[in-house]
Amino acid sequence: MSYTACMPELPEVETIRRTIEPLVLGKTILEIRLLDTSIAQGTPERVRGEPVGTTITAVNRRGKHLILMLDNGKGLALHLRMTGSVLLEPPTHNPRVRAELLLSDDVRLYFNDMRRLGVMELIDDLDARMEKMGPEPLSDEFTTEALQSRLARHRIPIKAALLDQHIIAGIGNMYADEALFLSRLHPTTPAAELSLEQVARLWTALREVLTLAIANQGASIDTYVLPSGERGTAYDCFNVAHKKGAPCPRCGTPLERLMVRKRGAYYCPVCQRPDKPQNSEA
DNA sequence: CCCGGAACCTGAAGGC
DNA sequence: TGCCTTCAGGTTCCGG
């Protein structure tokens, strides 16, 4: 069996945010070197030009976006997509540095990305942009009711709904699978058909899975590493994700993998039966 | 509006 | 051994 490709999701980006914020807070951006201009959203000139001279007032995360907040009210956003990483030193393994940020006090950030899917963008109106995204799953506004009302509008498989950043922010393939396992839901169940009780289980599972992963500094299955280059240990806590053939931690049945909307979905065929009797509310 | 599929990208892995 | 194809998945765009 092959374990490939895990990408930075909410816990991984949050780990990067927590690591770099104390290092870059209050620093001035001296220069942005775009070694690969194709990562720039909009024009490269704007991305590397406008932030120069501004000071970083905070490092935020919204979904999978890492956002350097600038003192001019704008945000310099990084999205790592599949294989991007933020490093404090130039990488020695697989060096594919796409951009370098030179800050005051000799602080430097390196944006490394083997594949070139990751992007850097200067966002003028942060509020408007972030409003288009679903709620933050660890925020107070993300209630069981909020999740229920959002899922009720979609008949797509629940696995696909969890991956849709407009419905809920920050969830990727790994943590969607982990949450569905904990809540004992089959990945192809139509989102709108979940009972209130099932949605409540899913809500709890999402919070547990993400919180535990953050505590473990993310999952380094493939290319993700901390800014220091060290590996996160969240994979050690996984029940099903990227574990096809391994015994289910709950019942011992070999875990399976099926395709849902062209995405691999790891699950237990016994604990997550598709046709469990639903709590129908007549 | 809702949904499915293609495209983007590159290294790993599998087939022949 | 080596070439060729397929796959991995976050996001956007396009078409039905």
Side-chain angles (χ1 to χ4, degrees), chain A residues 1-14 16 34-42 61-67 77-86 91 93-99 111-121 123 129-134 136-137 149-180 187-193 210 213 218-225 234-235 238 240-245 255-267:
Chain A
M1 66 197 100
S2 66
Y3 303 138
T4 50
C6 82
M7 68 306 315
E9 304 181 27
L10 187 155
E12 286 74 28
V13 180
E14 177 63 19
I16 295 169
L34 291 181
L35 287 74
D36 179 352
T37 53
S38 70
I39 69 164
Q41 297 277 85
R61 180 193 56 75
R62 180 75 170 93
K64 302 170 192 172
H65 295 264
L66 182 72
I67 307 172
L78 274 178
H79 196 301
L80 305 177
R81 295 278 173 90
M82 306 288 292
T83 55
S85 56
V86 175
H93 303 303
N94 304 318
R96 295 286 192 284
V97 178
R98 308 297 175 188
F111 179 23
N112 202 55
D113 191 9
M114 180 183 78
R115 292 155 72 174
R116 301 190 297 171
L117 297 171
V119 293
M120 183 182 292
E121 179 180 10
I123 301 177
R129 268 301 284 288
M130 299 309 152
E131 264 174 28
K132 296 175 183 167
M133 231 177 287
E136 283 294 319
S149 72
R150 288 187 160 264
L151 294 180
R153 284 180 248 158
H154 302 274
R155 294 204 48 78
I156 58 177
I158 183 60
K159 173 66 187 289
L162 291 176
L163 296 181
D164 188 332
Q165 303 299 299
H166 301 99
I167 299 176
I168 174 173
I171 310 296
N173 214 32
M174 299 184 297
Y175 298 108
D177 284 351
E178 287 299 310
L180 289 174
T188 61
T189 311
E193 285 184 13
L210 296 173
S220 292
I221 298 179
D222 193 7
T223 55
Y224 163 76
V225 289
Y235 179 69
F238 281 6
V240 296
H242 292 268
K243 295 199 171 188
K244 180 182 174 186
L255 300 173
E256 294 181 8
R257 178 178 183 269
L258 61 78
M259 297 304 282
V260 180
R261 299 277 214 90
K262 306 283 188 186
R263 294 287 177 266
Y266 299 85
Y267 74 112

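Chain naming here is simple, since letters A, B, ... match the order of the sequence lines and numbering starts at 1 in each.
- Between A/Arg81 and B/dA7, a side-chain N or O to OP1/OP2 separation shorter than 4.0 Å is absent.
- Separating the CG atom of A/Asn112 from the P atom of B/dC9 is a distance of 18 Å, rounded to the nearest angstrom.
- Under the 4.5 Å side-chain criterion, counting only non-hydrogen atoms from C-beta, A/Met130 is in contact with A/Ile67.
- Here B/dG11 presents its P atom at 14 Å from CE of A/Met82, a figure rounded to the nearest Å.
- The base of B/dC9 sits with one of its N or O atoms less than 3.5 Å from a complementary donor or acceptor on the side chain of A/Arg115.
- Taking only side-chain nitrogens and oxygens, A/Gln165 never comes nearer than 4.0 Å to OP1 or OP2 of C/dG10.
- For A/Glu136, the salt bridge (Lys or Arg N to Asp or Glu O under 4.0 Å) test picks out A/Arg61, A/Arg62, with sequence neighbours left out.
- In this view, A/Phe111 satisfies the ring-ring contact (aromatic ring centres under 6.0 Å, His included) rule with no residue, not counting sequence neighbours.
- The base of C/dG10 lies close enough to the side chain of A/Arg263 for a donor and an acceptor atom to sit less than 3.5 Å apart.
- Scanning residues 153-161 of chain A for heavy-atom distances under 4.0 Å to DNA chain B yields A/His154, A/Arg155, A/Ile156.
- The side chain of A/Lys262 places no N or O atom within less than 4.0 Å of a non-bridging phosphate oxygen (OP1 or OP2) of C/dA8.
- If you take CD1 of A/Ile167 and P of C/dG10, they are 14 Å apart, rounded to a whole angstrom.
- Atom CG of A/Asp222 is separated from atom P of B/dG11 by 12 Å (rounded to the nearest Å).
- Counting heavy atoms from C-beta outward, A/Leu258 and A/Tyr267 have side chains that approach closer than 4.5 Å.
- With sequence neighbours left out, A/Arg153 forms a salt bridge (Lys or Arg N to Asp or Glu O under 4.0 Å) with no residue at all.
- The distance from atom CD of A/Glu9 to atom C1' of C/dT11 is 14 Å, rounded to the nearest whole Å.
- Atom pair A/Lys64:NZ and C/dG10:C1' shows a separation of 6 Å (rounding to whole Å applied).
- For A/Asp36, the side chain to side chain donor-acceptor pair (under 3.5 Å) partners are A/Ser38, A/Arg116, not counting sequence neighbours.
- Rounding to whole angstrom units, CG of residue A/Leu117 and P of C/dG10 are separated by 11 Å.
- For A/Lys159, the salt bridge (Lys or Arg N to Asp or Glu O under 4.0 Å) criterion is met by A/Asp177, not counting sequence neighbours.
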